[in-house]
Amino acid sequence: MAQLTGNKKVSTAVFISGRGTNLRKLIKFSRKKNSPISINLIVSNNSHAKGLKFSKLYKIKKKVVNFKKSSLFEKKILQTLKKNKIKFICLAGFMKLLSKKFIKNFRGKIINIHPSLLPKYRGLNTHVRVIKNNEKFSGCTVHFVTSKVDSGKIILQKKVKIYKNDTPKKLSKRILFQEHKLYPVAINKIFRSNS
Ligand code: GRF
């Protein structure tokens, strides 16, 4: 489990592929006095990711690597992480799978947020599938990352009720609202617990 050393914030990178609303919430959280992390790097595999604009807005370094080949992508990213002394990684809408080899470099130090109540509905299009199956609840999960999609130990979850006339769009909006609150709480839980 990740550990805080003294009062120093843990140098963190956030990986994104898209709009970056979770990234923005994490940046705001990291800038609070009591936050255990500081966000020092934004990584993306997509040069068009809307969330990259937060690099300029909040003056945080960014690194875009769009090698198709995963091994090259990971090699480049690892170099950048080392150079920037990154010790913790938050995935936030990052659409590329990380290899076992990469994860080994950051064992227990990579977390992700997923818009379902894992282990149910791993993978993509969760809201569509959840509604199709007439589920009564969905939600979001923050979990440790392993090389299997959306697996790994669960850190925290938040349940969200599904209404009769829900659409994937409406549901995703309500779940995203909860994601923004859950991610910082989960990070606090990791660093503040004594385990
Ligand atoms: C979120 O729903 C997150 O759970 C999923 O991808 C989405 C990213 O949204 N992994 P954003 O880029 O943070 O707005």
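Remember, it's 1-based here, ligands and their atoms both numbered in the order they're listed.
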dist Lys96:NZ -> Leu98:CG (nearest 0.5 Å) comes out at 9.0 Å

* To do: Compute whether any side-chain donor of one residue and acceptor of the other, for Arg24 and Tyr58, lie under 3.5 angstrom apart.
  => yes

Applied to residues 117-138, the salt bridge (charged side-chain N to carboxylate O under 4.0 Å, His left out) test, sequence neighbours excluded, yields Lys120-Glu135

Contacts of Phe15 meeting ring pair (Phe, Tyr, Trp, His ring centres under 6.0 Å) (sequence neighbours excluded), chain-then-number -> Phe94

Are side-chain heavy atoms of Cys90 and Tyr183 found at a separation under 4.5 Å?
-> yes

Please set out all donor-acceptor pairs under 3.5 angstrom arising from side-chain atoms of residues 68-82, sequence neighbours excluded.
unit_1	atom_1	unit_2	atom_2	d
Glu74	OE1	Ser99	OG	2.6
Glu74	OE2	Ser99	N	2.7
Glu74	OE2	Ser99	OG	3.4
Thr80	OG1	Lys76	O	3.0

Sorted by chain and residue number, the residues with a non-hydrogen atom under 4.0 Å of ligand 1 are Arg19, Gly20, Thr21, Asn22, Gly93, Ile113, His114, Pro115, Glu179

